[in-house]
Each structure stands twice: as C-alpha cells, then as structure tokens.
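First the structure, in the form of structure tokens, and then the observations on it.
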Protein chains: 2
Amino acid sequence: MRTDIIADTGTDTATSTHTGVPTINDVARVAGVGKTSVSRYLNGETDALSPALKGRIEAAIAALSYRPNQMARGLKRGRTRLIGILLADLQNPYSVAVTQGIEAACRQAGLMPMLCNTANEIDLQSRYLDLLRTYRAEGLIVNPVGLPDSALLQIGAGGMPLVLLDRTVDGVDCDSVGLDNERAARQMADHLVDNGFETLFFVSESFASVSSRREREAAFVAQAQLRGATPHTLVIDLADPASIAAVLETVGAATVPTRAGKRAAAARANPAARAPAPAARAPAWPRVALLAANGQTMLPIAIALGMRPLPGLGLATFDDPEWLRLAESGITSLRQPTFDIGVNAVQLLNARIDGLDAPARRRTFDAELIVRKSTLAKPARALTGVLPDNPDASLVPSSSS
Amino acid sequence: MRTDIIADTGTDTATSTHTGVPTINDVARVAGVGKTSVSRYLNGETDALSPALKGRIEAAIAALSYRPNQMARGLKRGRTRLIGILLADLQNPYSVAVTQGIEAACRQAGLMPMLCNTANEIDLQSRYLDLLRTYRAEGLIVNPVGLPDSALLQIGAGGMPLVLLDRTVDGVDCDSVGLDNERAARQMADHLVDNGFETLFFVSESFASVSSRREREAAFVAQAQLRGATPHTLVIDLADPASIAAVLETVGAATVPTRAGKRAAAARANPAARAPAPAARAPAWPRVALLAANGQTMLPIAIALGMRPLPGLGLATFDDPEWLRLAESGITSLRQPTFDIGVNAVQLLNARIDGLDAPARRRTFDAELIVRKSTLAKPARALTGVLPDNPDASLVPSSSS
DNA sequence: TTGTAAGCGTTATCAT
DNA sequence: ATGATAACGCTTACAA
C-alpha cells in the first residue's frame with residue numbers, strides 16, 4: 001500500500017500531477033483501493049465494504065481533507081441539492097425569520113438554500129430565476145415581488161418545483177405557505193370590537209398587487225362591519241414622510257380624547273370657531289384603533305408616536321418584530337409562526353423534488369394574538385399576558401425603579 | 001436541416017429520448033450544427049462563427065429556452081462562479097445593506113453569491129464553510145462570528161480566497177474590508193467634546209472577541225482622554241432587559257440636569273443628606289453623552305428613552321439605520337458606506353480568484369458623521385444639516401402642523 | 001467484496 | 001470556419 005500523497009504515477013486512468021483540490025481518484029490511490037469503493041463509502045453504502053477498506057478510505061479522506069465535488073455529483077446524478085430562496089425584501093425581519101426555518105429544514109433534508117434578495121425589483125427577480133435555472137436548482141421558494149413576472153409564470157408552468165411564500169400570484173398554480181390572513185384579521189377585528197373600539201383604521205402599503213395585504217384588508221373590514229364597527233382603509237407610502245404624517249393626522253382627527261386630535265377634529269369641523277376643548281368629560285376609554293398590515297408599516301407610526309401608548313388610540317399590527325418586545329408601547333400584535341412557515345415551505349418543496357405529483361397544496365398557519373395594553377378597554381383591569389407599560393419615559397425604565 | 005425538437009434519433013453520440021432539461025446536444029441537433037459551435041457561441045467567440053450558424057444557434061436556443069448547465073461548465077473549466085457570503089447576523093441591517101453592494105458587484109463580475117446566515121453560531125459557520133467547499137465555491141466573504149473557528153483558520157491558511165468583512169480574526173492573514181474604526185471613533189469623540197460633553201459613555205455588547213468593537217472602544221476612550229473628557233465603557237447584554245435598564249441607570253445617574261439622574265446622582269454622592277436639588281441653576285447644557293457601538297445596540301436604548309431627546313443627554317451611535325431617519329430622536333450617527341464596502345469586498349475577492357498573489361490587503365472606509373440635535377452644545381444655534389426635533393410627541397408630527 | 005468502464009453536459013485540443 | 005473526441009469528478013451498471 002502506498003502512502004505518499006503527492007505521488008505522480010496514478011494507478012488509475014489519470015495523469016495526476018497535483019496542484020489542485022484532491023479528487024476521488026487521489027483518495028482511491030492513497031487508500032490503495034478503487035474509486036468505486038470510495039464512492040460507495042461516500043454514499044453510506046458501508047454494508048458492502050470490508051472494515052479494512054473502510055478504515056483505509058477514512059484515513060485517506062482525512063489525510064487529504066477530501067470533500068466530494070458536488071458539481072460532479074450533481075452532474076452525474078441529476079440532482080444538485082440546490083434550492084433557490086427568493087425574497088422580495090431582506091430588510092423585512094419577517095423574511096429573515098422565515099429564512100431561519102428554511103435553513104434548519106434544509107440542513108435536515110440535505111439541501112443547500114441559495115438566498116437571493118430581489119429587493120422588490122422585478123428584473124432582479126427574473127435575473128435570479130434565470131441564474132438558478134442555470135445552476136440547476138432543484139426547486140424554488142419564492143416570496144414574490146408584488147408585480148406580474150413572466151419569468152415566474154414560466155417557472156410555474158414549466159417543470160421546476162415551486163413554493164410561494166406569504167403571497168400568491170395570479171396565474172401561478174403551485175404550492176404555497178403563509179398565514180391564514182382571513183382568520184387572523186377576523187381575530188383582530190373581534191378583539192378590538194370586544195374591547196370597545198368603534199372606529200377601526202387598517203393601514204397598509206399599496207396592496208393591489210400583494211395578495212396577503214389584500215386578504216388582510218378585506219377580512220378585517222368585513223368582520224368589523226359585521227360586528228357593527230366602522231372600518232376605514234388607509235394606504236401609506238413608507239418612503240414618503242408626508243404620507244406617514246397624513247395617516248397620523250387622519251387617525252388623530254378621529255381620536256376623541258387626544259389633545260392634538262381633538263384640536264384637529266374641532267378645527268376640521270368648524271375652522272372658524274376655534275372652540276377650546278371642554279376641560280372635563282367622561283373617562284376617556286379608547287374608541288379608535290389602528291391596525292397595521294405588517295410590522296414594517298407599524299414601525300414608523302410607532303416611532304412618530306414616541307413608542308408609547310396614546311390615550312384614546314388602540315394600536316395593533318400584523319407581525320411581532322423584535323422592537324415590539326423592547327418598546328413598552330402597548331402595541332398588540334399578531335405573531336406569525338415564521339420558523340414553522342419556513343420549515344413547511346421546504347417540506348412542501350422537498351416532496352415535489354422527490355417526485356410528488358399532486359394538485360397545488362396550500363398550508364396556512366394561525367397567528368398568535370398577543371394582547372398589549374393599548375387595545376384593552378380598561379387599562380386598569382387586570383389581564384393575564386398583558387405587558388406593563390411605561391407611563392412616563394424617564395431615563396430609568398419603570399421595571400428597575 | 002431538422003426542425004423537430006422532440007426527435008429521438010440523435011446525430012450525435014447520445015441516445016436522447018427526451019424527458020428533461022435541454023442540453024447543448026439538443027441545441028446542436030436542432031440547429032443542425034456541432035456542439036462545439038454551440039459552445040463557442042455560448043462563450044462569445046462569435047468572431048469564429050459564420051453569421052448563418054450564429055443565427056441558427058440563436059434560434060435553437062430560443063426555441064428550446066436552453067440554459068447552459070453551470071455545474072457541467074464548472075466541472076470542466078474548474079470555475080463555478082460561486083462565492084460564499086457568510087454573515088454572522090442577518091438580522092442586523094448592516095449585513096443586509098452590505099449584501100446589496102455585494103450582489104451588485106457580483107452581477108457585474110459574473111459571480112453568483114451564496115448568502116448564508118450563520119446566526120452567530122460557530123457550528124453553523126463551520127457547516128456552511130464545509131458546504132461551500134463541497135460546492136467548489138471560488139471564494140468567500142466572511143463576516144465572522146466572534147469566536148475562534150478552526151474551519152475558518154484552515155480556510156485562511158489553505159488555498160481558497162477569503163475576504164473578511166467588518167471584523168478581523170486573529171491568526172487569519174487575508175484581505176479585509178471595513179470601517180476605519182479608529183478614525184470614526186476619534187471623529188465622534190472630537191464632535192462630542194467640541195460640543196461641551198465632558199462625561200462620555202461607550203456602550204457595546206461584549207467586545208473581547210469582536211475586533212471592530214474593540215477598535216472603536218479603544219480609539220474613543222483614548223481620544224476622549226486626550227481631549228480632557230472622562231470616558232466610561234459599559235458592556236450591555238441585549239438579550240437581557242435588566243442589562244439595558246442597568247446601562248440607562250448608570251448613564252442617568254451621571255446626567256446632571258435630569259430629574260431622575262439628578263436625584264440618583266445626589267443620593268449616590270451623599271446618601272445620608274438627601275439634599276434637595278437646587279431649584280435654579282445655569283442653563284442646563286448637555287454634558288453627558290452616550291455612544292453606542294452599533295445600531296443594534298442603540299435601538300433598545302432609544303426605545304427605552306421614548307425615541308426622543310432627553311435634556312442633558314447626548315446620544316450617538318455607529319451605523320445609521322433606517323429607523324433613525326424616521327425617529328426625530330436627535331441621535332447623531334456615523335453612517336458607514338455599506339454599499340461601497342460590499343462592492344470592495346467583491347473586488348478584493350475577485351482579484352484573488354483571478355490569480356492575484358500578494359500580501360493581505362485591507363481597505364478601510366470613512367464614516368460620515370451625521371450630526372443631529374441631541375449632541376449639539378446649544379440647541380438654539382442654527383446649524384446646517386441638523387434635523388428638526390419633535391419637542392412634544394403629539395399625534396401629528398410637527399412637520400405637518 | 002471489489003474493480004472496470006461508460007457517461008452526465010460542458011469545454012479544450014486537435015483535426016479538417 | 002467547423003466538427004469529432006477526449007477529459008473534468010463523480011456514480012452506477014456490470015463484471016470478476
């Protein structure tokens with residue numbers, strides 16, 4: 001048995017003057033076995049290998065720190081174990097959270113996820129789609145940009161397994177995972193009405209082309225009406241500070257017990273009079289609530305509001321981003337099981353990769369309603385699971401004083 | 001010339017009963033040319049091709065919607081065009097921002113970045129390192145987890161081109177990109193001292209094993225002392241609310257004109273006396289400032305402070321995350337040129353991939369100091385580039401009232 | 001139990 | 001200017 005690693009006279013076909021990465025031939029030569037045996041070892045067919053050979057191969061692999069070439073493997077077997085993950089917005093904590101689940105599931109399934117940030121640009125999405133075809137990705141998990149994309153339509157029609165994430169796309173009939181938006185929106189509407197809110201604002205970025213936003217809006221409005229409340233839908237442009245201000249003004253005008261809102265409302269109702277606000281009134285139970293279509297939408301609103309509850313205004317949002325836990329803003333939230341969503345996306349996809357031929361499946365998940373102070377009818381009433389609020393923003397948080 | 005696409009009698013070697021993805025053989029057959037010519041066309045060797053052939057090939061490729069198999073290409077040429085991007089924390093907006101630059105530069109260089117979130121876990125980092133070796137990635141850009149990793153050391157020593165991002169690692173001698181931490185920290189210390197701050201707090205997560213934090217702390221402290229100010233370093237654990245509270249309490253105790261801080265300071269200085277605070281004093285110019293080691297550290301602090309400036313406390317941070325622009329918190333920041341950093345990481349790496357053999361290079365970038373209200377000596381003094389602040393957090397932002 | 005040889009889709013070397 | 005043919009590193013019949 002030969003032990004020299006840099007040997008130049010291969011017992012095999014090759015000429016092997018070595019400069020580069022070790023191949024299976026090198027391992028075979030060093031171990032003094034045929035490459036077939038090495039291949040078998042690599043593929044776990046250990047039962048058909050004598051312990052002696054197995055040991056020699058193991059040693060050789062370690063000595064060379066050999067790693068099988070996945071490209072060559074993929075070429076031969078026709079499966080690269082690569083899957084593409086296209087995310088419309090990696091800035092959104094939701095995307096990263098789902099990614100965590102995807103990566104964990106991929107690890108278990110022996111898949112390699114290729115994360116691609118399409119940054120809400122349709123041409124980036126098609127570019128990555130093309131690139132992934134080129135690398136023979138075995139499947140795709142796509143959180144699509146909210147615009148029609150011929151490349152995506154083609155993929156949906158053509159052979160490559162495809163799972164849509166959070167959003168569906170008209171004309172693409174494939175597996176999908178996401179929140180049960182209808183149920184979550186109804187749940188939230190019920191919670192708000194149950195707690196005495198009568199005027200309900202739904203705030204969202206443009207939702208014409210984003211299915212999840214559409215579903216949330218429709219269900220929230222419907223349920224609110226059903227329960228006798230008055231819903232309004234506000235479209236916000238997060239890139240435009242004026243738009244954010246406008247939304248706050250609109251909501252503020254409807255908020256009765258708030259100074260600014262009251263002034264604004266009064267001024268609006270009767271611009272000439274400038275009636276001073278009546279000093280005392282019945283206890284100011286909140287009656288106006290605002291529900292944001294996702295965490296990214298709520299953030300600028302909460303910031304503009306100083307990250308703390310305002311008397312007379314209930315705040316709620318889809319998603320439960322990290323900063324909500326830091327802020328004692330009393331913002332009620334609908335937490336998505338992002339990790340599970342990611343895991344299930346991979347499961348659905350992997351089944352297709354393994355050859356499953358079935359009609360499109362959709363897996364939806366329930367949101368967890370996390371009630372916080374601003375949407376409770378009576379702040380004084382004790383309620384389990386309610387987080388404490390910070391009445392005055394002194395330097396030292398109330399919890400430590 | 002044959003035009004049937006599904007034909008089963010190949011003029012070539014293959015048996016070609018077609019079920020799967022079209023290959024270069026299919027294109028050759030449909031176009032009625034040799035595969036060599038197709039390969040030449042694909043590689044842009046158009047000068048050695050008659051226009052006639054070129055046209056036929058073009059048509060065939062379009063008809064089949066053929067895409068060359070990058071795996072096979074990589075196998076033959078030895079270059080996969082794949083590079084691995086390992087990020088210690090994809091939750092950090094900094095990482096995503098740099099990613100944008102990386103992706104743009106990759107597009108231009110014809111590289112395919114594989115984003116991997118190591119989630120601050122050392123074993124995930126080694127796992128991905130291994131996986132990327134397996135896929136024969138041509139190079140690596142790594143924002144390393146702040147812990148020694150034998151796998152990374154090995155890569156650094158071994159052949160694969162490697163560029164370190166933001167952080168360097170002891171014992172790994174390779175190219176790196178990042179902020180000029182020393183210069184930025186000095187710049188900030190100067191700014192604060194120039195504006196009358198005397199007590200300076202540097203707040204950071206554990207920085208023993210993270211080079212960038214170490215550099216920032218050391219330079220900030222040194223420059224503060226040089227300028228006659230009193231620096232303190234506070235280590236914070238962002239996962240622990242009590243730790244955040246403790247930091248705020250410490251800083252608050254040092255903040256003279258603040259009610260809570262004043263009380264605390266007095267009590268601390270003279271526990272027995274309980275001297276009431278002197279009612280009137282000279283105008284309360286800020287004299288205590290807090291600098292966060294990065295945006296992630298500042299976020300919970302700003303939230304606890306209600307996202308608005310506090311009299312007597314200057315706030316500043318490395319990084320300039322999106323939420324800073326939304327908040328009118330007066331937080332001064334050191335904006336990193338994240339896009340450029342990403343682009344340069346790819347440039348450095350690509351040069352190595354193209355065979356450059358040179359000693360390790362380091363490219364540093366200057367931060368842009370963005371001055372906001374809380375760190376100005378006299379709020380009244382007009383200064384260009386200063387953002388307006390929101391004195392009272394009414395529902396309607398001041399800009400629109 | 002182990003080895004030989006063919007071939008995955010591409011490019012590179014050689015003919016023509 | 002164009003095409004046959006041999007690798008690239010691996011898996012997989014098929015032999016031995």
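Since we're looking at a predicted model, the values are computed, not measured. Here is the naming used below: chain letters follow the sequence lines, and residue numbers restart at 1 for every chain.
Distance Gln70(A) CD to dC8(D) C1': 16 Å, rounded to the nearest Å. Arg29(B) has its CZ atom 16 Å from the C1' atom of dT10(C), to the nearest Å. Taking atom CZ of Arg67(A) as the reference point, atom P of dG9(D) lies 17 Å away to the nearest angstrom. Rounding to whole angstrom units, OH of residue Tyr41(B) and P of dG9(C) are separated by 21 Å. For Ile24(A) and dT12(D), the CD1 to C1' distance is 12 Å, given to the nearest whole Å. Between the C1' atom of dA4(D) and the CG atom of Asn25(B) lies a distance of 12 Å, rounded to the nearest Å. The separation between Leu42(A) atom CG and dG9(D) atom C1' is 11 Å, rounded to whole Å. In this structure, the CG atom of Asn69(A) is 16 Å from the P atom of dT10(C), given to the nearest Å.
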Extract from the structure each pairing of a protein N or O with an N or O of nucleotides 12-16 of chain C at less than 3.5 Å, listing the distance.
from, atom 1, to, atom 2, distance (Å)
dA12(C), N6, Thr36(B), OG1, 3.4

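Side-chain contact between Glu58(B) and Ile61(B) is absent, with no heavy atoms from C-beta onward closer than 4.5 Å. At least one side-chain heavy atom of Met112(A) sits under 4.5 Å from a side-chain heavy atom of Met114(B). Side-chain contact check for Arg79(A) versus Asp354(A): some heavy-atom pair is nearer than 4.5 Å.
Terminal axes of the helix from dT1(C)-dA16(D) to dT16(C)-dA1(D) (five pairs each, C1' rotation axis) are separated by 40°, to the nearest 10°.
Where Ala72(B) and Ala48(B) meet DNA chain D, the nucleotide closest to each residue was compared, and Ala48(B) sits on the side nearer the 5' end. Where Asp47(B) and Val38(A) meet DNA chain D, the nucleotide closest to each residue was compared, and Asp47(B) sits on the side nearer the 5' end.
Checking the phosphate oxygens (OP1, OP2) of dC10(D), a side-chain nitrogen or oxygen of Tyr66(A) falls inside 4.0 Å. Between Ser37(A) and dT1(C) there is no side-chain polar atom (N or O) within less than 4.0 angstrom of OP1 or OP2.
The salt bridge (charged side-chain N to carboxylate O under 4.0 Å, His left out) check on Glu103(A) picks up nothing, with sequence neighbours excluded. Applying the side chain to side chain contact (heavy atoms under 4.5 Å, CB included) criterion to Ala358(A), with sequence neighbours excluded, gives Arg352(A), Leu356(A).
Of the possible polar contacts, none joining the Thr168(B) side chain to the Leu164(B) backbone as a donor-acceptor pair under 3.5 Å is found. Checked by atom type and distance alone, the side chain of Gln125(B) pairs as donor or acceptor with a backbone atom of Val145(B) at under 3.5 Å.
For residues 150-174 of chain A, the pairs satisfying salt bridge (charged side-chain N to carboxylate O under 4.0 Å, His left out) are Asp166(A)-Arg216(A), with sequence neighbours left out. Legend: salt bridge (charged side-chain N to carboxylate O under 4.0 Å, His left out) pairs involving residues 110-137 of chain A, not counting sequence neighbours, sorted by first then second residue: Asp130(A)-Arg67(B).
Residue Leu75(B) has its side chain nearest to dG9(D) when only dG9(D), dT2(C), dG3(D) are considered.
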